[in-house]
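Numbering of ligands and ligand atoms starts at 1, following listing order. Quick note: numbers below take in every heavy atom, side chains included, and nothing from hydrogens, waters or symmetry partners.
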Amino acid sequence: MDYLHLPESIIEHAKPGGQVLAESKQHRSSSDINPPQTAIDNTCSITKDFSCIYSKDLLPALSGEDTTKSFFQELVNILLSYVCKSFRRSSKVLDFHHPHQLREGLEGFSLELPDQPENLEQLLVDCRDTLKYGVKTGHPRFFNQLSSGLDVIGLAGEWLTSTANTNMFTYEVSPVFILMEEILLKKMQEIVGWSEEEGDGVFCPGGTMSNLYSVLLARYHFFPEVKTKGMTALPRLILFTSAHSHYSVKKSAAVLGIGSDNVVVVKCNDRGKMIPAELESSIITAKDQGCVPFYVNATAGTTVYGAFDPLNAIADICESHGLWLHVDAAWGGGLLMSNLHRVKLQGIERAWSVTWNPHKMMGAPLQCSAILVKKRGLLKDCNQMCAEYLFQTDKHYDTSYDTGDKTIQCGRHVDVFKLWLMWKAKGSEGFESQVNKCLENAEHLFDKLKQRPDFELVFKSKPEHSNVCFWYIPPGLRNMSPGPERNRRLHEVAPKIKAKMMEQGMAMIGYQPLGDKVNFFRCVFSNPATQTEDVDYLLEEIASLGHDICIRD
Ligand code: ABU
């Protein structure tokens, strides 16, 4: 069952239960089988029949070592086949099925859980089918999400991480990973521009969690009594964020008991950047109403437009009103790696905290997100609960490396190794060229769109980040005058094209409405595998899918 070396048609049509796998063995002649390229013993994988082997036969079973090796060899073949296909333009980005179809079971792929153990052959087929019906986010034509790409070194790091299967809470169970986290955080703080004496942080599960930490820490900084007394001991707190910022700021206010109504949404200009004068007048209004402003979120790379708020102007306002400045650079943080583009984040060094997701622009596998905090010791003071069963103070090593009590979690996944390994493999310069390339792709798309009469840009200026926002205008709408009727029809275009695109499976791009703008496409580039030919393909694909769509009168 050497999937990597089997003809594609056999891999594609292999059925569960081993029938076709068995057939495929019959079809295979010795000339089909490439000689083993690695030290792994391929002979057992060729001769092994997994249909009568069960998980109980694997390690830690006595004499389970060889069977375990063979099983993993097969699994690696499936994974490698998937990795190679992910980069192949002739292969689909997705093989879409509706939820009810997947639930009903496709070609015998059953999601139901059995009472009796299934054999390893079935498990391997299930593994392959799980990938087959998923989405290849590493495909060069996947433009749907801010996180994309399949970094081979990052993937190796993730495999190693799962193999180590340990927990980031204490040095005693994660000595190497804890030090790697310290080194990565220090490097990222240096890049942000903080001094040697400043800086703390943790990796946590995603940008929303990083933003949640920022609000939690800001509140604790100004009102430490909240930790024991709760919100009843506090005045009515107000925080500020722009209309184009991520919804996680409101979510944080809701989760922390501040309330989403106490988040003031500050107006943006037509490019999606917060207007500093609007921020200042909102702060003054809140104070006049007897509320207590304490926190401002500025965004470096908004989710839809990719806009950068004017950080220095916002920092001036925060300083004059004594407010915590958080910069949500979940998406834009990657641009700090580029000497050409880091100017867009000028002023970030004045932030009290920063969210930065290497799983977005830097292409690290999900998840990899940091919250960086300027003031040392605050994370610990705010979150520490001193559980004696875990964070004993009389351990025989420096227990400041038991970083778990700085976090709001107990158990914490190791998110750092893959990034550390990628950094070793590319160097900072490698990340810089990766980021520059993504922004070049965005500029290429922007230039193409400007030239085409069948597309319209949402904003006319050159993109600051790799987000390019546009409408496809079907023939029937091209001569319509702007107004509610045209907008009503245009609103239907992007979802209809996307539905067709997903059914066909050759590319994937997102769409959304925003403010007074009806549904438009947002193309984002974070995948280093994407080339200008893929950008050109995307435009042709949208135009061909959209040319004949039916819009209701
Ligand atoms: N803020 C999470 C990323 C959203 C996106 O990929 O579109």
Considering non-hydrogen atoms of the protein only, which is the closest contact for [atom], and what is the distance?
atom	answer
atom 7 (O) of ligand 1	Arg522 NH2, 2.8 Å
atom 1 (N) of ligand 1	His246 NE2, 2.9 Å
atom 6 (O) of ligand 1	Leu146 N, 2.8 Å

Do Thr532 and His444 get their side chains close enough for a donor-acceptor pair, meaning under 3.5 Å?
no
Crowding at NZ, Lys462 (>12 non-hydrogen neighbours, <6.0 Å):
no
Identify, with sequence neighbours excluded, every residue that meets side chain to side chain donor-acceptor pair (under 3.5 Å) alongside Lys406.
Asp200
Output, in order, the C-alpha distance, side-chain angles, deciding distance and verdict of ring-ring contact (aromatic ring centres under 6.0 Å, His included) for Trp352 and His326.
CA-CA 6 Å; Trp352 297 35; His326 174 67; over 10 Å; no
Note: ligand 1 atoms sitting under 4.0 Å from heavy atoms of Gln145 are 5 (C), 6 (O), 7 (O)
